[in-house]
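Scroll down for the structure; my scribbles are underneath it.
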Amino acid sequence: MQVKRIQLLTPQLANQIAAGEVIERPASVVKELLENCFDAGAQTIEIDIDKGGLQRIRLRDDGAGIHKDDLLLALNRHATSKIGSLDDLEQVGSLGFRGEALASISSVARVTLASCLLGETSGWQIQTEGQVADVAPVPVAHPQGTTIEVCDLFYNTPARRKFLRTEQTEFGHIEEVIKRLALSQFGIGMTLRHNKRTLYQLRPAIDDNQRQQRVADICGQAFINSALYIDIEASGLRLWGWMSLPTFSRSQPDLQYFYVNGRMVRDKVVNHAVRQAYKDVLYGSRYPAFVLFLELDANMVDVNAHPTKHEVRFRESRLVHDFLFRSLQKAIAEISPATSISPAPTFAKEETYIPIQQTMPLQEIREPAAIYEAIKLPVSIISPLPNPLPQGERGSQAPSPGTPGEGWGEGLGYAIAQLHGIYILAENQHGLVLVDMHAAHERITYERFKAAHQADGIKTQALLIPVTITLSEKEINIAEQNNKLFSQAGFILERLSPTTLAVRQIPALLNGCNIEQTIRDVIADLNQHDNSSHIEEKINELFSSLACHSSVRANRRLTVPEMNALLREMERTERSGQCNHGRPTWLQLSMAELDKLFLRGR
Ligand code: ADP
Ligand code: MG
């Protein structure tokens with residue numbers, strides 16, 4: 001084999017390789033540029049995006065500016081004003097310091113950089129096209145601060161451009177980055193425009209009310225209405241921010257913002273502590289929503305563990321974990337019944353929590369009076385039972401297994417009792433049957449949706465009083481983009497205002513269930529999953545999501561006739577042995593297996 005000679009990479013190639021790590025998509029450009037504005041001490045930032053950032057990303061700030069003679073340097077690799085020595089690195093307070101971002105960006109896009117220093121009368125500008133040539137700055141009219149414009153990202157690296165998704169998807173990522181950063185810097189005013197349309201206009205938030213308003217603007221009024229404000233300090237740690245009451249939960253972890261000393265993080269220690277704290281009050285597949293800030297001494301945490309991933313390293317992770325867990329758990333435990341039933345904006349410092357009369361059984365905090373509402377379904381929709389049992393009758397009084405001529409004891413048998421609001425215990429010819437209520441119901445609803453869709457279309461029901469739901473603009477956009485799917489499933493949705501959605505018609509199958517929660521959850525699902533392209537698959541995904549979110553949740557008490565109705569319906573439903581997520585819906589413990597457990601007959 002012929003020996004290949006070694007050569008130095010050209011600066012452009014080196015930068016393009018580095019760009020591969022830092023700049024994944026338009027949203028990563030926005031993140032880097034926005035952090036530079038923060039580092040420059042900006043008070044207001046205007047962000048203009050065209051075509052999801054594929055065509056143009058422009059940020060203008062009123063920060064310190066860049067010296068005319070440094071404009072070109074700023075676009076070079078390893079050029080930074082933020083550190084000068086290793087000592088500086090120890091206590092770096094800026095978000096950037098590697099001097100890599102602008103070099104990477106300008107190696108894969110067309111960049112214009114303009115800036116004007118405080119007190120100067122004119123600004124200066126340079127332009128580059130994929131590589132930093134030795135161009136001289138030209139004068140330009142510019143207010144104090146910096147404007148950077150990034151056009152045609154990846155225009156010279158076609159292989160990478162191919163990986164970009166649709167304008168809408170890319171913009172979704174940009175919006176998420178901006179939300180995260182806007183929540184980390186309440187004091188900075190920010191405007192976001194997409195294709196010339198203003199989407200966010202966030203004023204600088206200084207006092208508590210303004211901060212709360214910003215959280216509402218970003219996370220939705222519904223979140224703030226069902227959130228508890230906390231501010232807790234102990235052993236040098238402070239935790240403050242907004243956490244959702246258990247009545248406001250999400251089907252995805254998509255409303256979770258956690259900051260450590262002002263930096264957004266995703267951390268195992270943090271996640272675990274939060275999950276533990278909510279464990280008793282949230283059903284397994286639900287997620288809490290929160291915007292929380294942890295503040296601690298800078299030398300108790302290493303936030304520079306990774307430049308792009310949101311990782312941190314705590315010196316004393318046990319201490320941090322326990323503090324988070326205890327603070328959140330205490331806040332949840334102290335929610336009084338009144339707080340959870342009428343979730344008015346709650347703004348309480350630690351010492352002003354509404355006192356609790358008695359400790360509520362935590363499960364009951366969820367969806368108070370709605371317990372029987374959603375469960376109407378088995379009796380109201382399912383056809384009459386073959387052998388209806390009198391209300392309250394127990395299995396022990398039921399005919400003995402195997403009674404001939406009645407179909408008794410075959411299939412899933414008859415309900416005896418309900419266990420912890422989750423499982424149905426039934427008895428059949430072979431022994432004991434255990435049914436996971438939610439999983440079973442979910443499969444039945446899903447199969448019904450599919451069957452109805454394939455047969456003569458889904459039966460619908462108009463709502464005399466439409467259900468109105470407050471959502472973010474983004475969520476409403478998602479609903480609108482999927483309007484065709486929703487209407488195929490029997491819904492009529494209508495945008496009433498930028499943040500209000502009206503539900504005018506529902507599929508009759510969902511009569512009696514919590515429509516608002518279901519729609520919210522389905523939209524969150526649609527947002528999370530990149531939709532498949534086949535319409536048939538899409539509609540099945542929607543059915544599956546609807547079935548999951550509208551089905552009987554755990555902790556609902558069922559009567560014996562309701563349980564039996566569910567068992568009969570399972571027997572009639574195809575594939576009822578598994579829920580839509582592939583988990584089993586029921587299992588059988590035979591008499592022989594039970595005997596073995598008790599060492600009988602040995
Ligand atoms: P880093 O942020 O790691 O220093 P960048 O490549 O992001 O590296 O930026 C290089 C330099 O350009 C920064 O150190 C800073 O001096 C200057 N700079 C970039 N953006 C701005 C801005 N918006 N305002 C003022 N200076 C800026
Ligand atoms: Mg930077």
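These figures come from a predicted structure and were not determined experimentally. Indexing begins at 1, ligand by ligand and atom by atom, following the structure's order.
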> Checking side chain to side chain contact (heavy atoms under 4.5 Å, CB included) for the pair L199/F171: CA distance, chi angles, key distance, verdict?
Replying inline: CA-CA 12 Å; L199 294 182; F171 185 74; 3.4 Å; yes

>> If the cut-off is 4.0 Å to any non-hydrogen atom of R98, which atoms of ligand 1 fall inside it?
In response: 3 (O)

> At a 4.0 Å threshold, what atoms of ligand 1 neighbour a non-hydrogen atom of A40?
Replying inline: 24 (N), 25 (C)

>> Testing the basics here: between N299 and R315, what is the closest heavy-atom pair and its distance to 0.1 Å?
In response: O-NH1, 2.8 Å

>> Looking only at protein heavy atoms, which one is nearest to atom 7 (O) of ligand 1, and what is the separation?
In response: N36 ND2, 2.9 Å

>> Residue-level breakdown please: for A64 versus ligand 1, do any non-hydrogen atoms fall below 4.0 Å on the side chain, on the backbone, on both, or on neither?
In response: neither

> Does one side chain, of H142 or S122, offer a donor that lies under 3.5 Å from an acceptor on the other?
Replying inline: no

> Between P26 and I57, what is the shortest heavy-atom contact and its length?
Replying inline: O-CD1, 3.8 Å

>> Surrounding NZ of K51 (heavy atoms of other residues, nucleotides or ligands, distance under 6.0 Å), is the total greater than 12?
In response: no

>> Need the ligand 1 atom indices (1-based, order shown) with element for anything under 4.0 Å from a heavy-atom of A101.
In response: 6 (O), 7 (O)

>> Checking N527 against E475 for the side chain to side chain contact (heavy atoms under 4.5 Å, CB included) test, could you report, in this order, the C-alpha distance in whole Å, the side-chain angles of both residues, the deciding distance, and whether it holds?
In response: CA-CA 8 Å; N527 182 28; E475 288 171 315; over 6 Å; no

>> Checking the side chain of T500 only, and the main-chain atoms of L496 only, is there a donor and an acceptor separated by less than 3.5 Å?
In response: no

> Is R98 salt-bridged to E32, going by a charged N under 4.0 Å from an acidic O?
Replying inline: no

>> Test of understanding: given a 4.0 Å heavy-atom threshold, classify the contact between E32 and ligand 1 as side chain, backbone, both, or neither.
In response: neither

> Less than 3.5 Å between some nitrogen or oxygen of A103 and one of ligand 1, yes or no?
Replying inline: no

> Looking at Y155, is R110 sitting on its ring face, NZ or CZ under 6.0 Å from the six-membered ring centre and within 45 degrees of the normal?
Replying inline: yes

> Which protein heavy atom lies closest to atom 4 (O) of ligand 1, and at what distance to 0.1 Å?
Replying inline: T80 OG1, 2.6 Å

> Got the closest protein heavy atom to atom 18 (N) of ligand 1, with its distance?
Replying inline: I66 CD1, 3.7 Å

> Should the proximity of D61 to ligand 1, defined as any heavy atom under 4.0 Å, be assigned to the side chain, the backbone, both, or neither?
Replying inline: side chain

>> Give me the nearest non-hydrogen protein atom to atom 16 (O) of ligand 1 as residue plus atom name, then the distance to 0.1 Å.
In response: S81 OG, 2.5 Å

>> One thing to verify: whether R318 and D322 come together as a salt bridge, which I'm taking to mean a side-chain N less than 4.0 angstrom from a carboxylate O.
In response: yes

> For ligand 1, which atoms have a heavy atom of A74 less than 4.0 angstrom away?
Replying inline: 10 (C), 12 (O)

>> Looking at non-hydrogen atoms alone, which of A42, G99, G63 comes nearest to atom 3 (O) of ligand 1?
In response: G99

>> Applying a heavy-atom cut-off of 4.0 Å, say which part of L102 lies close to ligand 1: side chain, backbone, both or neither.
In response: both

>> Quick check on the Mg ion (ligand 2): does T80 put an N/O/S atom closer than 2.8 Å to it?
In response: no

> Among all protein non-hydrogen atoms, which one is nearest to atom 2 (O) of ligand 1, and what is the separation to 0.1 Å?
Replying inline: K82 NZ, 2.6 Å

> To which protein heavy atom is atom 11 (C) of ligand 1 closest, and what is the distance rounded to 0.1 Å?
Replying inline: A79 O, 4.0 Å

> Does a side-chain N-to-carboxylate-O contact under 4.0 Å join D217 and R214?
Replying inline: no

